[in-house]
Amino acid sequence: MIRKFFGIAASLTLAFMLAGCGPADGEYRLRILTTNDLHGRLFDSTYVDGNIRNSLCAVKWYVDSVREAAGADNVILLDDGDFLQGDNSVYYYNYVDTLTPHIFPRMAAYMGYDVVVGGNHDIETGHPVYDRVASDLEAAGIPFLAGNAIRNSDGKPYFPYYTILRRAGLKVAVLGYDNANIAAWLNESLWSGMTFKSLIPLVQENVDEIIAREKPQVVVVAVHSGTGRGDGTVLESQGLDLFESLEGVDVLVCAHDHAPLVLTRDGRALVNTGSHARNLGYAEVSVSVSSGKVVSKSAEASLIKVDPRRADSAMVEEFHKDYEAVKTFTLREVGELKADLRTREAFSGMCPYMNLIHTISLQSTGARVSFAAPLSFDSRVKAGTLVYNDLFTIYPYENQIYLMNLSGAEILRYLEYSYDLWIQSPEGGHVLKIRDRPDPRTGTVRWSFVERSYNFDSAAGLNYTVDVTRPLGQRVRVSGFADGSAFDEAAMYTVAMTSYRASGGGGHLPQGVGLTPEEIERRTLDKFPEIRNLLFGYLQSEGCIDPDAIGDPSVIGSWSFVPEKKVKPLMEKDMRLLFAGR
């Protein structure tokens, strides 16, 4: 027994000593595979028509292929956030079936993820959801990293900010961070007890600390932050800022903006896969060791396009029961739709899709004015029987409705700001603010909007025109309210808008109106349930969505672009450019 004890002790001591030693002399190659902004794309087929789509099941096939070719011990797999929102699969396990272990940690464990990083839409699900998911991931041996979420009580990270992995004979430090701008988008109740710090200078400080303490041979930083402009001005998109300034980092993984990108510079690499499992990020770090020391390193990166038809059959079978549970939930009939709803119609004027969102906002809150934007570039729900799945198409995000007080003058400034994101002077041959450039976020192959279309808010409850020939500040003319009452720039009115917008998202309130975060909070009068739930309640009450009912001008008012003779031919041309082939 004594000999056995000392034998075990000696073995542990030797293992400890070896773990503390550097790698043997030679050449090493580490592969880093990345996903980000999955938005719940876990299953390989849709729930209604069974169409094949990009999914984590298809990503599995590519991950296994790389592991087989390179050796599993030479590969790291990480996800860079926004996996808990955007699809029925995660919604079901977030809020409906909360007793069954959550689908994402189980899939992440099955896939063999080494690290998962938090995203802003993961925080949007609220403490009960992401705390449970983080705990489940940790139990599966997968750290959930979000190093800039700082606990208010003691100033320490709420989540871990790094982990150490041993791959390819190397000691690898992986640091992970959430988006720094969460407080501007999400109500504090969703992230209570935390403060989200800017990634600069925090990441460099953490990297320096980890290098000094852990002495890794390779350092990977994953941030749920967009690429940005690299000029330090965009808090939500600090990727390029970090890539230009970080020292000691070999691979930087970015996310959030859904814009696929690969950069390689000075032996370092940046990779962003885009979104929705369309690509798998691939970074390769080559390390040369001599006399026990790293003498050279270089990193390269690329994107592997994911073929949705290559779904891993074993994984599909493993989670088939979960798929069927989600499918049963989302195929519940919820009402009737009397005419098609298309989001693309919102860019050229009033349409049934926007009328529906505005009607629900006004009826639910009792507000005088509603602000809303199309949240999908080109979604369509066909007339007929609606199932719960259709509600995700109509409203894909978990936004609430907030009720605020704004003056008439502030409403005008808000709308001027919004339409300036949307339109331009027709003198240049276009009325929509578009450019001859593809947009991977929306799938356009040539022409695309310069700005994000989910920020194109229109108003309901008012009668107004938008004169495209006039400059910013003089375009919007309000003739009165929908009920015929006068509109007064000096008077205060109740206004309904999404929680995203009421928290400063898109810049309409802070930049367009000029309200500080403190003033926005003071002006907030009430908070209502998620818009999708209000839509469900509307269907339970009314039984159907009727264009005549949701388009009642005495309720939602009217608006249009003017002058019509100049706008109409240019608008038709711009819409053809945007949606050619779609």
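When reading the values below, keep in mind they use all heavy atoms of this one structure, side chains included, and skip hydrogens, waters and symmetry mates.
Y91 and E398 are not linked by any side-chain donor-acceptor pair at a separation below 3.5 angstrom, with hydrogens and angles left out of the test. In this structure, a donor-acceptor pair under 3.5 Å is absent between the side chains of N152 and Y158. Donor-acceptor pairing under 3.5 Å is recorded for the side chains of E124 and H121. Checked by atom type, the side-chain pair Y93/N88 shows no donor-acceptor distance below 3.5 Å. Side chains of N455 and H508: no donor on one and acceptor on the other come within 3.5 Å. Side-chain N/O atoms of E27 and S288 include a donor and acceptor closer than 3.5 Å. Between N36 and D79, the side chains place no donor N or O within less than 3.5 Å of an acceptor N or O (distance only, hydrogens not considered). Between the side chains of S198 and Q238, at least one donor N or O sits under 3.5 Å from an acceptor N or O. A donor-acceptor pair shorter than 3.5 Å cannot be found between the side chains of T330 and Y92. A side-chain N or O of T46 and one of D49 form a donor-acceptor pair less than 3.5 Å apart. H256 and D82 form no side-chain donor-acceptor contact under 3.5 Å, judged by distance and modelled atom types alone.
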Original post:
Under the salt bridge (charged side-chain N to carboxylate O under 4.0 Å, His left out) criterion, do D87 and R53 qualify, and how do the steps go?
Top reply: CA-CA 12 Å; D87 186 84; R53 62 176 186 172; 2.9 Å; yes

Subject >> Stepwise salt bridge (charged side-chain N to carboxylate O under 4.0 Å, His left out) check, R452 with D439 >> reply: CA-CA 10 Å; R452 302 304 184 197; D439 187 346; 3.5 Å; yes

**OP:** Might you work through the side-chain contact (heavy atoms from CB on, under 4.5 Å) test for Y161 and N148, ending with a clear yes or no?
**Re:** CA-CA 8 Å; Y161 67 95; N148 60 324; over 6 Å; no

**OP:** For Y113 and T35, run side chain to side chain donor-acceptor pair (under 3.5 Å): C-alpha distance rounded to whole Å, both residues' side-chain angles, the deciding distance at 0.1 Å, then the answer.
**Re:** CA-CA 10 Å; Y113 272 91; T35 55; 2.8 Å; yes

Subject >> Step-by-step side-chain contact (heavy atoms from CB on, under 4.5 Å) determination, F159 to Y130 >> reply: CA-CA 11 Å; F159 304 101; Y130 61 76; 3.8 Å; yes

Original post:
Which is it for D231 and R229 under the salt bridge (charged side-chain N to carboxylate O under 4.0 Å, His left out) test, yes or no, and what are the steps along the way?
Top reply: CA-CA 5 Å; D231 58 5; R229 297 192 289 262; 3.4 Å; yes

Original post:
When you look at Q204 and D208, which way does the side-chain contact (heavy atoms from CB on, under 4.5 Å) test go after all the steps?
Top reply: CA-CA 6 Å; Q204 186 67 69; D208 292 344; 2.9 Å; yes

**OP:** For side-chain contact (heavy atoms from CB on, under 4.5 Å), just list the numbers for M315 and D44, CA-CA rounded to whole Å, side-chain angles, deciding distance to a tenth of an Å, and then say yes or no.
**Re:** CA-CA 10 Å; M315 184 171 178; D44 67 317; over 6 Å; no

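Heavy atoms only, all atoms of each residue included: V271 and V262 are closest at CG2-CG2, 4.2 Å. Here the shortest heavy-atom pairing between L30 and R167 reads CD1-CB, 3.6 Å. Across all non-hydrogen atoms, the minimal contact from V59 to M111 is CG1-CE, 4.0 Å. Nearest heavy atoms, S89 versus G40: OG-O, 2.8 Å. Shown here for F196 and A149, the closest heavy-atom pair between the two residues is CE2-CB, 3.6 Å. Residues L242 and L252 share a closest heavy-atom pair of CB-CD2, 4.0 Å.
Side-chain contact check for T273 versus L280: every heavy-atom pair is 4.5 Å or farther apart. Side-chain contact between L78 and V253 is present, with at least one heavy-atom pair separated by less than 4.5 Å. A 4.5 Å side-chain heavy-atom check between L509 and M497 finds at least one atom pair inside the cut-off. For the pair P308/S55, no side-chain contact is recorded, criterion being any heavy-atom separation below 4.5 Å from C-beta on. Side-chain contact between V219 and I210 is absent, with no heavy-atom pair separated by less than 4.5 Å. Residues M107 and I103 are in side-chain contact: their nearest non-hydrogen atoms beyond the backbone lie under 4.5 Å apart.
T524 places a side-chain N or O within 3.5 Å of a backbone atom of I520 that can act as its donor or acceptor partner. No side-chain donor-acceptor contact under 3.5 Å links S291 to the backbone of K293. Between the S448 side chain and the T444 main chain, no donor and acceptor come within less than 3.5 Å of each other. In terms of modelled atom types and a separation under 3.5 Å, the side chain of S237 and the main chain of S225 share no donor-acceptor contact. Looking only at distances, no side-chain donor or acceptor of N533 sits under 3.5 Å from a matching main-chain atom of E530. Under the 3.5 Å distance criterion, the side-chain polar atoms of Q217 are matched with a main-chain donor or acceptor of K171. S298 places no side-chain N or O within donor-acceptor distance of the main-chain N or O of G267, the cut-off being under 3.5 Å. One N or O on the side chain of D257 and one on the backbone of T227 form a donor-acceptor pair closer than 3.5 Å. Under a 3.5 Å cut-off, the side chain of N54 and the backbone N or O of H276 do not form any donor-acceptor pair. The backbone N or O of S275 lies less than 3.5 Å from no partner atom in the side chain of H258, so there is not a single donor-acceptor pair.
Under the 30°/60° scheme for interplanar angles, the aromatic rings of Y454 and Y500 are found to stand perpendicular. In this pair, Y47 and F43 present their aromatic rings perpendicular. The plane angle is above 60°, beyond the 30 to 60° band.
The environment of R309 atom CZ is sparse: at most 12 non-hydrogen atoms of other residues, nucleotides or ligands sit within 6.0 angstrom. By the neighbour-count criterion of 12 heavy atoms within 6.0 Å, atom NZ of K527 is densely surrounded, having more than that number from other residues, nucleotides or ligands. Other residues, nucleotides and ligands contribute only 12 or fewer heavy atoms inside 6.0 Å of the CD atom of E300. More than 12 heavy atoms of other residues, nucleotides or ligands sit less than 6.0 Å from atom NZ of K297.
Taking the ring centre of Y402 as origin, the terminal cationic atom of R501 falls outside the region bounded by 6.0 Å and 45° from the ring axis. Judged by the 6.0 Å distance and 45° axis criteria, R265 is not positioned over the aromatic ring of F243.
Atom CG in L235 sits 4.5 Å away from atom CG in N181 (nearest 0.5 Å). Atom-to-atom distance recorded for I211:CD1 and E214:CD is 11.0 Å, nearest 0.5 angstrom. Considering CG of D241 and CD1 of I200, their distance stands at 4.5 Å, rounded to 0.5 Å. Note that CG of L165 is 11.0 Å distant from CG of L77, once rounded to the nearest 0.5 Å. N399 CG to L186 CG: the interatomic distance, rounded to the nearest 0.5 Å, is 9.0 Å. From Y282, atom OH reaches atom CG of L33 across 7.5 Å, with rounding to the nearest 0.5 Å.
A distance below 6.0 Å separates the ring centres of Y388 and F536. In summary, the aromatic rings of F319 and Y323 are positioned with their centroids too far apart to meet the 6.0 Å limit.
Using a 4.0 Å cut-off between a side-chain N of Lys or Arg and a carboxylate O of Asp or Glu, D73 and R166 do not qualify as a salt bridge.
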